[in-house]
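First the structure, in the form of structure tokens, and then the observations on it.
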Amino acid sequence: MGAISTPLVLVLLFCCLVSVSQAEYLKYKDPKRPLNVRIKDLLKRMTLEEKIGQMVQIERSVATPQVMKKYFIGSVLSGGGSVPETNASAETWIQMVNGIQNGSLSTRLGIPMIYGIDAVHGHNNVYKATIFPHNVGLGVTRDPVLIKKIGDATALEVRATGIQYVFAPCIAVCRDPRWGRCYESYSEDPKIVQAMTEIIPGLQGDISDNSRKGVPFVAGKNKVAACAKHYVGDGGTTKGINENNTVVSYNGLLRIHMPAYHDSIVKGVSTVMVSYSSWNGQKMHANHFLVTDYLKNKLKFMGFVISDWLGIDRITSPSHSNYSYSIQVGVGAGIDMIMVPFNFTEFIDVLTYQVKNNIIPVSRIDDAVRRILRVKFVMGLFENPHADISLVNQLGSEEHRQLAREAVRKSLVLLKNGKSAEKPLLPLPKKAAKILVAGSHADNLGYQCGGWTITWQGGGGNNLTVGTTILDAVKQAIDPATKVVYNENPDSNFVKSNNFSYAIVIVGEHPYAETFGDSLNLTIPEPGPSTITNVCGSIQCVVVLITGRPVVIQPYLSKIDALVAAWLPGTEGQGVTDLLFGDYGFTGKLARTWFKTVDQLPMNVGDKYYDPLFPFGFGLSTNTTRY
């Protein structure tokens, strides 16, 4: 018995040693190994099928654990408004994301997926999240420190739902407000857009000064991977037509639209999203020179390049009419991850065929996968693939709402204050007999937040999410003895017969996103103009504009006593009343030129013929009455 047991022990010991040596041999799973060693070790173990799977991003509605495992899918996203359930809690989001992640971790190599979402003014798809002002307002602040704090808060709220990757910031330089995405742009001035890239270290964490240029950086599980978008020239299209053609010289492209990408890369941005638009007739999704030669080789960007939603499909017109060609030129241009987002088996089959038949070289696939793995390793996704449940209380926290309120205060621009400078209307007295609040946007949280809020296009009403309307903020701000009368669209007889001390009129654009927001006339929809006319023609009034861009206001200006551009302020309406009633003074200066008529467009600061209604940099100030 003893003679038999000794060899048995030796055999078992040998098996244990073999097992331990095999575990040590998986260098890619060891966080102490150098980054490039881990990438190289994992890449050499991967089959072509596994590599192509990493390049695929699919929509969460088709991302079952079984699909993740069978096709080795590298990434999942929520399209605009795509949620696990209506008004889903942070815990529900986490359960969904972790369930998808378990599918990825059950694969042979256990490569975790990365989940992306549009968090473009806070965690805007998620119920009860803090909704910050859209970028058009944040550019007004010219405050990189504030913008970094917003990035930090957004990262925590995104991580609170188990998500690790955001499709933000948009660093477009909007040169024509007729563009439906102009509110996603900080400014027409590339210098302001450059300064606002400070949101990236807010989202990702601060990269060290001695870090190699171009290497992506994410500080840990309280931070998210960011995405600079849309590369490049998206804000310069002819007449502001979305996804259209940007006609500008190479030098003009570098001078206007490229600078913020330099800053983003220096700050360690993890990913760059390609624009639907074209540059001088060539689709950006097919532009090898700008994606590979310039972004990757000249700027030394080492993160991954991602397509936009169905971006490679739209290389052809009609979309998807020659998918094999689109894949060949899109992947060939240097796009690493493809936002498919539904027909992933077709994409995988076509790309596999092209690689096996030497249409696309394996080296191009390896470059793409190497970049994707670099981001996943850098952000600690292999060590912490699952959500941290302890962060759920960060969603819509009071601290973040106070930060958003501060951002609103700093983003408002006072364009007019009194019929004459000697008789300013603002700040308004809190104590008055009776005041009127009017307008379609006074008691409408959805309108106040704009597009990309809960759903892709946004919506109206007060049931979309949680926040404070401007009407509610007025009621909270005024003296208890002051009577507030709300009438959305009063006629002039009502206004004249009620002996109001003054009126606050809040009107503007209805929510929109992308092409749905393209406008050649830039007028405020009715009943906005009628409300201005009826109210401001009868009593002293301040008009607060809720818009994603400058709009036609000159015809009504003489009737208006005070005019405030509030942009799309988000959920914290008290930030507006903080200024109206003088608890804080107005400080915002226009980061966009305000035109007189649309016939002048495009018109930007520095143009030879520059005759605006309110010039770039304009903004009146008021003193605080708080003390």
Side-chain angles (χ1 to χ4, degrees), residues 39 42-43 46-59 71-77 111 113-114 116 167 216 227-232 243 270-279 282-299 301-317 319-376:
I39 295 169
L42 180 50
L43 192 65
M46 296 173 73
T47 65
L48 178 62
E49 191 179 13
E50 288 166 332
K51 289 175 181 178
I52 288 175
Q54 283 299 302
M55 297 172 67
V56 177
Q57 186 179 66
I58 62 174
E59 218 285 324
Y71 296 99
F72 311 102
I73 302 296
S75 184
V76 177
L77 86 151
I111 304 172
M113 67 88 192
I114 184 171
F167 305 129
C227 178
K229 67 180 188 182
H230 308 84
Y231 185 82
V232 60
E243 303 179 20
S270 294
T271 74
V272 170
M273 184 182 291
V274 181
S275 177
Y276 287 127
S277 59
S278 302
W279 173 50
Q282 184 180 5
K283 291 276 190 180
M284 278 305 309
H285 275 75
N287 196 316
H288 183 276
F289 169 69
L290 286 175
V291 175
T292 295
D293 296 342
Y294 197 89
L295 179 64
K296 290 183 172 182
N297 296 340
K298 187 173 179 64
L299 297 187
F301 174 64
M302 296 176 71
F304 67 79
V305 176
I306 186 169
S307 81
D308 208 331
W309 178 278
L310 292 171
I312 63 165
D313 301 57
R314 299 191 198 183
I315 289 172
T316 59
S317 183
S319 176
H320 201 81
S321 58
N322 190 343
Y323 198 44
S324 178
Y325 169 78
S326 293
I327 291 173
Q328 181 183 342
V329 296
V331 174
I335 299 173
D336 304 309
M337 184 177 282
I338 313 299
M339 196 183 290
V340 175
F342 298 111
N343 297 325
F344 56 90
T345 55
E346 181 186 11
F347 173 82
I348 289 169
D349 289 346
V350 174
L351 183 55
T352 302
Y353 173 85
Q354 291 186 355
V355 176
K356 286 183 175 179
N357 287 275
N358 299 317
I359 298 167
I360 291 178
V362 175
S363 59
R364 172 73 273 271
I365 304 301
D366 286 350
D367 172 60
V369 177
R370 195 177 290 115
R371 290 167 176 276
I372 293 163
L373 294 179
R374 183 176 292 120
V375 171
K376 291 183 176 184

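For the numbers below, each heavy atom of this structure counts, side chains included, while hydrogens, waters and symmetry mates do not.
- When all heavy atoms are compared, the tightest approach of Ser307 to Ile335 is N-CG2, 3.6 Å.
- Minimum interatomic distance between Gly334 and Val305 (heavy atoms only, all atoms of both residues): O-CB, 3.9 Å.
- Interatomic distance, CG of Leu77 versus CD of Glu59, reported as 5.5 Å (0.5 Å rounding).
- Between Val329 and Lys283, the closest side-chain pair of non-hydrogen atoms is not below 4.5 Å.
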- [ ] List the steps, then state whether side chain to side chain contact (heavy atoms under 4.5 Å, CB included) holds for Val362 with Val355.
- [x] CA-CA 6 Å; Val362 175; Val355 176; 3.7 Å; yes

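- Nearest heavy atom pair, residue Met113 against residue Ile73, reads CB-O, 4.1 Å.
- For the pair Asn343 (side chain) and Glu346 (backbone), a donor-acceptor distance under 3.5 Å is absent.
- Residues Arg374 and Pro216 come closest through the heavy atom pair CD-CD, 3.8 Å.
- Formation of a donor-acceptor pair under 3.5 Å by the Gln282 side chain with backbone atoms of Ala286 is found in this model.
- A distance of 11.0 Å separates CD1 of Ile365 from CG of Leu43, quoted to the nearest 0.5 Å.
- One N or O on the side chain of Thr316 and one on the backbone of Asp313 form a donor-acceptor pair closer than 3.5 Å.
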Open item on the list: Applying side chain to side chain contact (heavy atoms under 4.5 Å, CB included) to Leu310 and Phe342, what does each step give before you reach the verdict?
Closed with: CA-CA 9 Å; Leu310 292 171; Phe342 298 111; 5.9 Å; no

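- Residues Thr292 and Asn297 have side chains in contact (heavy-atom distance under 4.5 Å, counting atoms from C-beta outward).
- Summarising the geometry, atom OG belonging to Ser275 is positioned 7.0 Å from atom CE belonging to Met284; distances are rounded to the nearest 0.5 Å.
- Looking at Ser324 and Gln354, their side chains do bring a donor and an acceptor atom within 3.5 Å of each other.
- The side-chain heavy atoms of Arg314 and Asp308, taken from C-beta on, include no pair separated by under 4.5 Å.
- Counting only heavy atoms from C-beta outward, the side chains of Ile306 and Met339 approach each other to under 4.5 Å.
- For the pair Asp293 and Lys298, the minimum side-chain heavy-atom distance is 4.5 Å or more.
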Open item on the list: Let's go through Ile348 and Tyr71 carefully: what are the C-alpha distance in whole Å and the side-chain angles of both, what is the deciding distance for side chain to side chain contact (heavy atoms under 4.5 Å, CB included) to 0.1 Å, and is it a yes or a no?
Closed with: CA-CA 9 Å; Ile348 289 169; Tyr71 296 99; 4.0 Å; yes

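- Relative orientation of the Trp279 and Phe289 rings is parallel, given thresholds of 30° and 60° on the angle between their planes.
- Taking both residues in full, the closest heavy atoms of Val291 and Val274 are given as CG2-CG2, 4.4 Å, listed atom of the first, atom of the second, then distance.
- Side-chain atoms of Ser326 come within 3.5 Å of backbone atoms of Ile312 as a donor-acceptor pair (strictly under, hydrogens ignored).
- The distance from atom CG of Asn322 to atom NE2 of His320, rounded to the nearest 0.5 Å, is 9.5 Å.
- Shown here is Glu49, whose CD atom has no more than 12 heavy atoms of other residues, nucleotides or ligands within 6.0 Å.
- A salt bridge links Arg364 with Asp336: the distance from a Lys NZ or Arg NE/NH1/NH2 to an Asp or Glu carboxylate oxygen falls below 4.0 Å.
- Residues Phe304 and Gln54 form no side-chain contact, since every pair of their non-hydrogen atoms from C-beta on lies 4.5 Å or further apart.
- Considering all non-hydrogen atoms of both residues, Tyr325 and Ile315 come closest at CE2-CG2, 4.1 Å.
- Taking CD1 of Ile114 as the start and CE of Met337 as the end, the distance is 6.5 Å to the nearest 0.5 Å.
- Distance check: Leu48 CG to Thr352 OG1 gives 5.5 Å after rounding to the nearest 0.5 Å.
- Between Met55 and Val331 the shortest side-chain heavy-atom distance falls below 4.5 Å.
- A parallel orientation is assigned to the rings of Tyr276 and His285, their planes being inclined by less than 30° (bins at 30° and 60°).
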TODO: Run the numbers on Met46 and Ile111 for side chain to side chain contact (heavy atoms under 4.5 Å, CB included), then give the verdict.
DONE: CA-CA 10 Å; Met46 296 173 73; Ile111 304 172; 3.8 Å; yes

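- In this structure the side chain of Val272 never reaches within 4.5 angstrom of the side chain of Val232, judged on heavy atoms.
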